[in-house]
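One structure is given here, and the rest of the page talks about it.
Values below: every heavy atom of this structure, side chains too, minus hydrogens, waters and symmetry copies.
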Amino acid sequence: MRLKKGNDFRAFNSDSGEYLMQYNGKSAKRGEKIADAWSQNKKIHLYVPPTSKDRMHFMIEKASELGIASYTPLITERAQFRKINEDKTRAWMIEAVEQSERFDIPTIHKPTYLEEALKNAKGTKIAAIERIDEQSSKIQSASEIALFIGPAGGWTEHEIELLTAQCEGFDLGKAILRSETAVIAGLSKLNQ
């Protein structure tokens, strides 16, 4: 809306990448290609309960920068929050993908109970469970991953039984981490 004839700008899409464009008064002329479409080696679907607004903003921002393909707000027995503001969450994602120069925006799914999420998750399912000392070898070769991170207070015994029956173990180290820290640690580890 502020462009004047002859002004340059950048345009992109998730399929073909980013191009330098020039506005000619009525339309735009495509110029040189600046960057190819950015993609992760692994398609990662994040499942984690919503948190308080500030922590949620931080978590979504960093998860989007680290390349998640989708986010499903997880409803667990100890989840303190069960809803999200989808418009705000999408806005945070857009800001983050612009910052990291991604060309796609993660998908946001409706809040889902753990049992349903486990049933519908795509790819290799992995769960970060406190004090787990194992790491599945399947994780490194997986091209699509469903990453399950627990709520503040951790998983309940029943949830741990569900997760260990259906997911590969994912070790985040000895420290007990907040959900948003676990998300960053897990995504960083998966992106190595």
So, do Glu159 and Thr76 sit near enough that their side-chain heavy atoms are less than 4.5 Å apart?
-> yes
Nearest-0.5 Å distance, CD of residue Glu144 to NZ of residue Lys122 = 6.5 Å
Going hydrophobic residue to hydrophobic residue with side-chain gaps under 4.5 angstrom, can you get from Leu187 over to Ile105?
-> yes
Partners meeting side chain to side chain contact (heavy atoms under 4.5 Å, CB included) with Ala117 (sequence neighbours left out) | Tyr47, Leu74, Thr112, Phe148
If you round to the nearest 0.5 Å, how far is CG of Leu162 from CD of Glu157?
-> 11.5 Å
For residues 88-95, which side-chain donor-acceptor pairs fall under 3.5 Å, sequence neighbours excluded?
unit_1, atom_1, unit_2, atom_2, d
Thr89, OG1, Asn85, O, 2.9
Arg90, NH2, Glu86, OE2, 3.4

Are more than 12 heavy atoms from other residues, nucleotides or ligands located less than 6.0 Å from atom CZ of Arg178?
-> no
Check Pro106 against Ile68 and note the closest heavy-atom contact, atom names and distance.
-> CG-O, 3.5 Å
What's the spacing between Ile60 CD1 and Glu180 CD if we round to 0.5 Å?
-> 11.0 Å
Here the gap from Leu190 atom CG to Leu46 atom CG, rounded to the nearest 0.5 Å, amounts to 10.0 Å
In sequence, state the C-alpha distance, the side-chain angles, and the governing distance for Ser70 and His109, and then conclude on side-chain contact (heavy atoms from CB on, under 4.5 Å).
-> CA-CA 7 Å; Ser70 69; His109 298 287; 3.6 Å; yes
Residues Leu177, Ile149; criterion side-chain contact (heavy atoms from CB on, under 4.5 Å); working and verdict = CA-CA 10 Å; Leu177 307 173; Ile149 302 282; over 6 Å; no
Go through Ile84 and Met56 one step at a time and tell me if the side-chain contact (heavy atoms from CB on, under 4.5 Å) criterion holds.
-> CA-CA 9 Å; Ile84 65 165; Met56 183 75 175; 3.5 Å; yes
Show your reasoning for whether side-chain contact (heavy atoms from CB on, under 4.5 Å) applies to Leu114 and Ile75.
-> CA-CA 6 Å; Leu114 177 61; Ile75 301 172; over 6 Å; no
Enclosure of Glu115 CD (heavy-atom neighbours >12, cutoff 6.0 Å) | yes
Heavy-atom pair with the smallest gap, counting every atom of Thr72 and Lys110 = CG2-O, 3.8 Å
